[in-house]
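Only one structure is covered here, and it is reproduced in the block below.
Basis for what follows: all heavy atoms, side chains included, without hydrogens, waters or symmetry-related copies. For ligands, and for the atoms within them, numbers begin at 1 and follow the listed sequence.
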Amino acid sequence: MSYQHIKLPENGEKITVKNNKLTIPDQPVIGFVEGDGIGPDITKASLRVLDAAVEHAYQGKRKIAWCELYLGEKAAGIYGGDYFPAETLDAVKELYVALKGPLTTPVGGGFRSLNVSLRQDLDLYACVRPVRYYQGVPSQQKNADQVDVVIFRENTEDVYAGIEYESGSEENKKLAKFLREEMGADFFEDAGLGVKPISPKGTKRLVRSAINYAIDNGRRNVTLMHKGNIMKFTEGAFRNWGYELAKEEFADVLITEDELWDNHDGQQPEGKIVIKDRIADIMFQLMQLRPEEFDVVATMNLNGDYLSDALAAEVGGVGIAPGANLADHIGVFEATHGTAPKYANQNKVNPSSLLLSGVMMLEYMGWKEAAKLINDAYPKVIADKTVTYDFARQMQGATTVSTSEFADKIISKLTR
Ligand code: NAP
């Protein structure tokens, strides 16, 4: 495919899909979007660390060929005011894997969120947020070191689908009349109305990717989180379809919690993954009291939104939380915080969220050795207390370093 402004690097080779699996060449072309605000600072720092880790791990045999793609303010400058150029979408589809900085979204007007547009246009149906504790990161949670969970949040359905009817509008009156007169529903006059679609298709593809992740990464359990005791035909159905999918497609590797107790006296057999479910409210409590009981959590959009930020707080906050939005093959890895515009171009903020999203990206590509080098180096830098301002203000005796210096520190600790 030819592009107007995007230049595919000549020294790289494109990722392909064969037999439904990604094939990663040794010099893969990977897209990156700098993003707005602090995006350029954290992107520069993260790419340097990722390149250094790949170099250390594979001694030149492997190397990422980065390809810059444009979204947000930088895109508007290049494409004559277009914040969301169609060729960027085409390039992500062609390259399959991209790392993305944060993008500005105007509040209460202006253009549609670029992040939401990207997820919808590429049908990135799973938002994946690993939440784990790195030794030394400031946290208020006593048992933070027990947290090591990966949340799969459904990205396309639920109350987020945008099917809402404003109080007083003609559509609202029409729907209210139908609900009252045809369906026997009872609710207060002039209530705003929203629809919460949860489908077998949306549920099953999400739960399938969560289970596949658990299998590929040696995880011991998958939990379906829902509020199905109250919302029986949406959240309850999510739970039922999740179990149905597990039985249909993964019967050889999964056992239910009932089977674990009935047939194995609570002792998890080697090579088996337990699938269980928990109601959303107790899940929040359990995640604080006994986080070690949870490995992978699959849940709907709104539950997943709340749970991922609450859990991130246990291990140091969203400032270091990585994330990815995945379709069947496409992966867009992104910082979970925003553009923090007041710190733009000051080389000041913490690059960890984007950097650790890059670590997820390496794992997704199967370059686990390089990912491990960063995961091992990271706590050493924190232990030295050479950290960016946000961590420094929560630590006794820390030395505050800039974004680029923090990246240098990590690179200096990469050892095989
Ligand atoms: P924000 O950009 O996440 O910033 C809020 C605060 O979080 C900052 O003022 C800073 O706290 C802290 N922070 C964020 N990133 C940090 C980092 N890398 N290192 C250290 N501290 C960091 O949230 P916002 O101000 O609500 O949103 C700004 C813009 O970003 C909006 O346009 C919003 O729509 C957009 N946004 C984009 C994404 C995305 O692209 N995925 C996500 C969320 C928001 P202190 O002031 O305490 O230092």
Side-chain angles (χ1 to χ4, degrees), residues 32-47 49 69-76 83-84 88 92 98-122 124 127-129 134 137-139 153 155 160 301 304-306 308-309 312-313 315-326 331-361 378 381-382 386-395 398 400-407 409-410:
F32 75 95
V33 177
E34 268 188 0
D36 302 326
I38 56 174
D41 281 349
I42 58 174
T43 302
K44 244 176 258 134
S46 301
L47 262 49
V49 177
L69 313 176
Y70 308 99
L71 286 171
E73 288 158 12
K74 192 163 181 179
Y83 286 76
F84 195 76
T88 296
V92 176
L99 188 67
K100 179 191 141 303
L103 296 166
T104 306
T105 305
V107 176
F111 52 81
R112 188 165 71 126
S113 160
L114 300 175
N115 298 305
V116 173
S117 303
L118 194 67
R119 284 170 209 162
Q120 286 176 349
D121 291 355
L122 295 172
L124 301 170
C127 173
V128 184
R129 297 267 295 263
Y134 287 89
V137 169
S139 160
R153 166 189 170 197
N155 238 350
Y160 280 69
N301 216 329
D305 193 9
Y306 294 154
S308 32
D309 275 21
V315 299
V318 289
I320 74 154
N325 289 297
L326 307 179
V332 177
F333 297 81
E334 63 175 350
T336 53
H337 56 70
T339 58
K342 66 182 175 183
Y343 297 128
N345 303 317
Q346 292 178 27
N347 191 22
K348 178 182 169 90
V349 296
N350 194 336
S352 301
S353 177
L354 190 64
L355 172 62
L356 297 174
S357 302
V359 172
M360 277 180 86
M361 184 190 86
Y378 192 84
V381 176
I382 306 293
T386 44
V387 289
T388 47
Y389 82 97
D390 53 319
F391 278 6
R393 69 187 168 191
Q394 301 178 65
M395 291 165 114
T400 304
V401 295
S402 66
T403 311
S404 52
E405 285 166 338
F406 186 74
K409 295 279 171 202
I410 296 179

Using a heavy-atom cut-off of under 4.0 Å, does the side chain or the backbone of [X] touch ligand 1, or both, or neither?
X    : value
D390 : side chain
T339 : both
R393 : side chain

- Spacing of CZ belonging to F32 relative to OG1 belonging to T43, to within rounding of 0.5 Å: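 Here the rounded value is 7.5 Å.
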- Message: Using heavy-atom distances only, which candidate in G338, P102, G72 approaches atom 44 (C) of ligand 1 most closely?
- Response: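 The nearest heavy atom belongs to G338.
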- Message: Regarding atom 15 (N) of ligand 1: of the candidates K100, H337, K348, which has the closest heavy atom?
- Response: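 Among K100, H337, K348, the closest heavy atom to atom 15 (N) of ligand 1 belongs to H337.
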- Can you list the steps and then say if N325 with K100 is a side chain to side chain donor-acceptor pair (under 3.5 Å)? CA-CA 10 Å; N325 289 297; K100 179 191 141 303; over 6 Å; no
Below 4.0 angstrom from a heavy atom of [X], which ligand 1 atoms are there? Numbered from 1 as shown, please.
X    : result
T104 : 32 (O)
I38  : 15 (N), 18 (N)
L103 : 35 (C), 36 (N), 37 (C), 39 (C), 40 (O)

- Message: Check this for me - ligand 1, T336, N or O atoms closer than 3.5 angstrom, yes or no?
- Response: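 Between T336 and ligand 1, no N or O pair is found under 3.5 Å apart.
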- Message: Would G101 count as a polar contact of ligand 1, with the cut-off being nitrogen or oxygen pairs under 3.5 Å?
- Response: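 So ligand 1 has no N or O lying under 3.5 Å from an N or O of G101.
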- Query: Going by heavy atoms, is I42 under 4.0 Å from ligand 1?
  - Reply: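 In this structure, I42 fails to qualify as a contact of ligand 1 - no heavy atom is under 4.0 Å.
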- Would you call K342 a ligand 1 contact, heavy-atom distance under 4.0 Å?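 Under 4.0 Å: yes for K342.
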- Item | Backbone N/O of L124 and side chain of N155: donor-acceptor pair under 3.5 Å |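 Checked: pair present.
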- Do I320 and F391 come within less than 4.5 Å of each other through their side chains, counting heavy atoms only?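 They are in side-chain contact.
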- Query: Can you list the residues that meet the side chain to side chain donor-acceptor pair (under 3.5 Å) rule with N301, with sequence neighbours excluded?
  - Reply: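 Per chain and number, N301 pairs via side chain to side chain donor-acceptor pair (under 3.5 Å) with R153.
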- Message: Is a donor from one side chain sitting under 3.5 angstrom from an acceptor on the other, for E405 and S402?
- Response: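 The answer is yes; a qualifying pair exists.
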- Does a donor on one side chain sit under 3.5 Å from an acceptor on the other, for T403 and D41?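 Side chains of T403 and D41: no pair found under 3.5 Å.
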List the atom pairs, with distances to 0.1 Å, where a side-chain N or O of residues 351-358 and a protein N or O form a donor-acceptor pair under 3.5 Å, not counting sequence neighbours.
{"unit_1": "S352", "atom_1": "OG", "unit_2": "N350", "atom_2": "OD1", "d": "2.5"}
{"unit_1": "S352", "atom_1": "OG", "unit_2": "Y378", "atom_2": "OH", "d": "2.5"}
{"unit_1": "S353", "atom_1": "OG", "unit_2": "A321", "atom_2": "O", "d": "2.6"}
{"unit_1": "S353", "atom_1": "OG", "unit_2": "T336", "atom_2": "N", "d": "3.0"}
{"unit_1": "S357", "atom_1": "OG", "unit_2": "G323", "atom_2": "N", "d": "3.2"}
{"unit_1": "S357", "atom_1": "OG", "unit_2": "E334", "atom_2": "O", "d": "2.9"}
{"unit_1": "S357", "atom_1": "OG", "unit_2": "S353", "atom_2": "O", "d": "2.7"}

